[in-house]
Amino acid sequence: MEIYSFETLDSTNEYLKENYFKYNEYDIISTKIQPKGKGRYGSVWISQEGMALFTFYFKCVKNSQQDYLKIPLVVGMSAVKVLRKYAQLNYKLKWTNDIYLMEKKLGGILVEKKENNMFVGIGLNINNEMPEEVKNIGISLWNTTLKKYDLKRIILTIVGEFKKNYEEILENKGEWLNLVKEINEINYLKNKEITLRIGSDIISGIAGDVDENGQLEIKTEGIIKKISSGEVLKERIILVFNGENINTKKVIHLKKQGYDIVFILFISDGVNQEIIDNFNAISMENMLKSEKIYIKRNDNQQEYIKWLEKKYNAKLFSIDE
Ligand code: BTN
């Protein structure tokens with residue numbers, strides 16, 4: 001396993017797909033700058049210097065759809081295990097391909113197949129500031145710990161960890177089941193109200209566990225369905241309107257990103273009518289679900305937030321910074 005570090009490559013996935021025959025399995029292509037970073041479902045991965053941006057490939061062992069589903073999960077869990085060694089934080093895995101931290105995206109995984117080879121591309125926000133466009137929904141390790149990390153070492157350790165985990169699960173079903181357990185311990189979507197696109201179908205429901213095939217369980221109209229692939233389109237979040245400091249643009253931006261927003265205003269005596277009018281206007285214009293909650297001045301908002309999170313199957317989302 002060698003790492004080949006480039007100054008700039010349009011996309012490490014595209015480069016390796018074109019040039020893999022010059023490299024060995026599990027060799028790593030990494031780049032500092034990546035002007036045409038690719039995300040999943042044709043999206044753009046806005047790449048910033050300081051991110052870990054890398055791709056490796058390996059030959060497909062089996063060809064079943066279910067094994068294909070396991071790959072991003074094993075990659076994600078391997079990355080989390082390594083990141084925990086560098087910074088002990090509460091990482092989550094968002095089925096199937098994302099790593100989250102504090103309700104924001106820390107990294108994404110793009111798995112592509114070409115000529116019986118699997119190309120695994122990973123983008124992780126490590127030493128970078130977040131690009132302005134995604135500041136509300138992304139986070140970097142640097143933002144969280146104010147430390148800088150050795151990117152090359154992190155990348156090499158993640159690929160080594162993946163190789164070890166993947167070989168173990170191919171040999172031994174028990175290892176895969178252990179991994180599924182670990183995945184469910186940090187299952188970001190669990191108990192959240194989500195909307196998924198599966199081909200041309202759209203389904204909504206409450207996410208459950210990842211099962212022994214790597215499928216996501218989702219409870220919809222009282223029935224538990226198992227989903228083997230799909231794009232999580234919408235996720236419900238709770239935003240609390242804080243009057244003067246709120247950056248209305250951010251709410252609109254999050255709405256555009258596809259979040260299903262529950263917009264909340266806490267009203268205690270003496271609250272300014274202008275704030276209430278403003279709240280009503282933003283809710284109407286953006287067609288947000290909204291709720292006004294009347295509280296006493298000294299009431300603990302946290303209790304209400306817990307209650308709201310339960311009521312709406314959603315988490316509070318902070319947009320203050
Ligand atoms: C996603 O979240 O949609 C997946 C993002 C994957 C980004 C990485 S960065 C390195 C590799 N090269 C690419 O062009 N994409 C992946």
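Atoms within a ligand are numbered from 1 in the order they appear, just like the ligands themselves.
Those atoms of ligand 1 that come under 4.0 Å of a heavy atom in Ser11, given as number and element, are 12 (N), 13 (C), 14 (O). Close contacts of ligand 1 with Gly37, meaning ligand atoms under 4.0 Å from a residue heavy atom, involve 14 (O). Each of the atoms 2 (O) of ligand 1 lies under 4.0 Å from some heavy atom of Asp98. Here is the list of ligand 1 atoms found below 4.0 Å of a heavy atom in Leu53: 9 (S). Heavy-atom proximity to Asn13, at under 4.0 Å, picks out these atoms of ligand 1: 11 (C), 12 (N), 16 (C). Annotation for ligand 1: atoms under 4.0 Å from non-hydrogen atoms of Thr55 are 11 (C). Against a heavy-atom cut-off of under 4.0 Å, Gly39 is close to the following atoms of ligand 1: 1 (C), 3 (O), 4 (C), 5 (C).
Protein heavy atom in closest approach to atom 3 (O) of ligand 1: Arg40 N, 2.7 Å. Atom 15 (N) of ligand 1 has Lys38 O, 2.8 Å as its closest protein atom, hydrogens excluded (heavy atom only). For atom 11 (C) of ligand 1, the closest heavy atom belonging to the protein is Thr12 OG1, 3.2 Å. In terms of protein heavy-atom proximity, atom 5 (C) of ligand 1 is nearest to Trp45 CE3, 3.4 Å.
Nearest heavy atom pair, residue Ser268 against residue Lys296, reads CB-C, 4.3 Å.
Here Asp260 pairs with Lys289 in a salt bridge; the nearest charged N to carboxylate O distance falls below 4.0 Å.
Separation of atoms NZ (Lys225) and NZ (Lys219) is listed at 14.0 Å; rounding is to 0.5 Å.
Thr31 places a side-chain N or O within 3.5 Å of a backbone atom of Leu9 that can act as its donor or acceptor partner. Panel note: side chain Lys148, backbone Asn127; a donor-acceptor pair is recorded below 3.5 Å.
Residue contacts with ligand 1 for Glu14 are absent, since no atom lies close enough (heavy atoms, distance under 4.0 Å). In Phe54, the part holding a heavy atom less than 4.0 Å from any atom of ligand 1 is the backbone. In Lys105, the part holding a heavy atom less than 4.0 Å from any atom of ligand 1 is the side chain. Under 4.0 Å from ligand 1, the heavy atoms of Ile109 that appear belong solely to its backbone. Under 4.0 angstrom from ligand 1, there are no non-hydrogen atoms of Asn97.
Remark: Glu168 engages no residue in a salt bridge (Lys or Arg N to Asp or Glu O under 4.0 Å) (not counting sequence neighbours).
Between Tyr26 and Phe162, the two ring planes are tilted [angle within 30° to 60°].
In summary, the side chains of Asn280 and Asp277 do not present any donor paired with an acceptor at a separation below 3.5 Å, with no hydrogens or angles considered. With no hydrogens or angles considered, no side-chain donor-acceptor pair links Glu2 and Asn24 at under 3.5 Å.
Atom CD of Gln273 is surrounded by more than 12 heavy atoms from other residues, nucleotides or ligands within 6.0 Å.
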